[in-house]
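We count residues from 1, following the sequence as given.
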Amino acid sequence: MSTPGPRTLNPDHPSWRRRRLDPDHSLGLRLTLAATAAFLLVPFALLALLVLGVWAPLHRLDATITDALHGYALDHPAWVTLMRIWTEVFAPMPLRAVALLLVIWLLRRGARRLALWVTTTMVVGGLIGPLLKLLVGRDRPDLLDPVARAAGYSFPSGHALNATLAAGVLLLVLLPYAGRGAWRVALWVAAVLVAVVTGLSRVALGVHFASDVFGGWLLGAAVVAATTAAFTSWRAHTGRRPVRATRDGVAPEVKRDPGAA
């Protein structure tokens, strides 16, 4: 009786691990994006539960970071001024205005579905944030000598959430125009800086805990991943070639034929 030889991979049927990031396998890409959204929502949900339960280690960590940054802010008024300017420039409303301009530009180019994706991402994230603030009901840091003030509840940070949403949609729409060199790197760096520094400015000013900002980042990234998965699913159903969103953008064809997206 002959023994079976070693199993070999059929090049026509690569493993799911290879298919999931292969631009020629749209289902794998959609599943990867959906899994990414779920992967980000799980730690966000866990973080929200820890905040609701007033978990002592998280509370101590938040208090330590807040006290350290508040002490630095009291001794460095120029730093406070810089953080105030940054947090105002990249506040939710200015970022939504930029997203609206992007939508108008896309509509004028005939990219209606891409404009709808941008609108959906910003609106969904913008509605989920305030709702979760009400559900969690976490108070903001209570400092004896605050350098800034903010109204409403604290978790998740609306600034961090909306900065992540806006940075995500701008990045994924503009990537096809960035080429393959330094401009692409600059676009990525700018998107990350907007999201990260905006969130950090809220902790630096003492109006949010670090966990509020981390929650905003997680939720914003999850919303972008989920809507991107839905958009790439539509692309697959209309016969368009699958793309790797973080490399090619969500609709690279819009650069050549705006009406195609």
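L175 and V194 are not part of a single hydrophobic cluster, where members link through side-chain heavy atoms under 4.5 Å apart. By the criterion of side-chain heavy atoms lying less than 4.5 angstrom apart, applied directly or through intervening Ile, Leu, Val, Met, Phe, Trp or Tyr residues, I65 is not grouped with L143; the two fall into different hydrophobic clusters. Hydrophobic clustering (ILVMFWY, side-chain heavy atoms < 4.5 Å, transitive): L69 and I85 are in distinct clusters. Taking hydrophobic clusters as Ile, Leu, Val, Met, Phe, Trp and Tyr residues chained together by side-chain heavy-atom distances below 4.5 Å, L58 does not share a cluster with L49. Cluster annotation: L193 is connected to V185 through the hydrophobic network of ILVMFWY side chains, with a link wherever side-chain heavy atoms come within less than 4.5 Å.
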Tabulate below the donor-acceptor pairs under 3.5 Å that side-chain atoms of residues 77-84 make, not counting sequence neighbours, or state none.
residue : atom : partner : partner atom : Å
T81     : OG1  : P77     : O            : 3.1
R84     : NE   : V147    : O            : 3.2
R84     : NH2  : V147    : O            : 2.1

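Atom CD1 of I128 sits about 8.0 Å away from atom CG of L161, to the nearest 0.5 Å. Rounding to the nearest 0.5 Å gives a distance of 9.5 Å between CG of L100 and CE of M93. The distance from atom CG of L116 to atom CG of L107, rounded to the nearest 0.5 Å, is 9.5 Å. Distance check, rounded to the nearest 0.5 Å: NE2 of H159 to CG of L95 gives 8.5 Å. Taking OG1 of T227 as the start and CE of M122 as the end, the distance is 10.5 Å to the nearest 0.5 Å. Here CZ of R184 is found 13.0 Å from OH of Y177. Values are rounded to the nearest 0.5 Å.
Nearest approach of A195 to A163, heavy atoms of both residues: CA-CB, 4.0 Å. Between V51 and S211 the shortest heavy-atom distance is CG2-OG, 4.4 Å. Across all non-hydrogen atoms, the minimal contact from N162 to G126 is OD1-CA, 4.4 Å. When every heavy atom of G220 is checked against every heavy atom of T164, the shortest pair comes out as C-CG2, 3.7 Å. A99 and V118 make their closest contact through O-CG1, 4.2 Å (heavy atoms, listed as atom of the first residue, atom of the second, distance). Contact record, L102 with V169: CD2-O, 4.4 Å, taken as the closest heavy-atom pair.
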Can you check side-chain contact (heavy atoms from CB on, under 4.5 Å) on L131 and L127, steps first, answer last?
CA-CA 6 Å; L131 176 60; L127 292 176; over 6 Å; no
Kindly determine whether F155 and F44 satisfy ring pair (Phe, Tyr, Trp, His ring centres under 6.0 Å), including the steps that lead there.
CA-CA 11 Å; F155 182 89; F44 172 81; 5.6 Å; yes
Take F209 and V203 through the side-chain contact (heavy atoms from CB on, under 4.5 Å) test and state the conclusion after the steps.
CA-CA 6 Å; F209 294 109; V203 187; over 6 Å; no
After noting the C-alpha distance and the side-chain angles of R149 and V207, does the key distance pass the side-chain contact (heavy atoms from CB on, under 4.5 Å) rule?
CA-CA 6 Å; R149 297 185 183 276; V207 295; 5.6 Å; no
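R138 has a carboxylate O that lies under 4.0 Å from a charged side-chain N of D212, or vice versa, which qualifies the two as a salt bridge.
In this structure a side-chain-to-backbone donor-acceptor pair under 3.5 Å is present from R140 to G152. Counting only distance, with no hydrogens or angles, the side chain of S201 and the backbone of T198 share a donor-acceptor pair below 3.5 Å. Remark: the backbone N or O of L205 is not paired with any side-chain donor or acceptor of H70 at under 3.5 angstrom. With K133 contributing its side chain and P156 its backbone, the two residues share a donor-acceptor pair below 3.5 Å.
In this structure the side chain of L172 reaches within 4.5 angstrom of the side chain of V224, judged on heavy atoms. Counting only heavy atoms from C-beta outward, the side chains of V250 and T232 never approach each other to under 4.5 Å. Residues W117 and V173 meet the side-chain proximity criterion, which asks for heavy atoms closer than 4.5 Å. When side chains are defined from C-beta on, L135 counts as touching L132, because their heavy atoms get closer than 4.5 Å. Looking at heavy atoms from C-beta onward, L171 lies in side-chain contact with W188 at the 4.5 angstrom threshold.
Other residues sharing the hydrophobic cluster of Y153, ordered by chain and number and joined by side-chain separations under 4.5 Å: L134.
Residues meeting the ring-ring contact (aromatic ring centres under 6.0 Å, His included) test with H59, sequence neighbours left out: none.
With a 6.0 Å radius and a threshold of 12 heavy atoms from other residues, nucleotides or ligands, D75 has its CG atom above the threshold. Around CH2 of W183, the count of heavy atoms belonging to other residues, nucleotides or ligands within 6.0 Å does not exceed 12.
Side-chain contact of S154 with H208: a donor-acceptor pair under 3.5 Å is present, judged by distance alone.
Between F214 and W217, the ring planes lie perpendicular to each other; the angle is over 60°, past the 30° to 60° tilted range.
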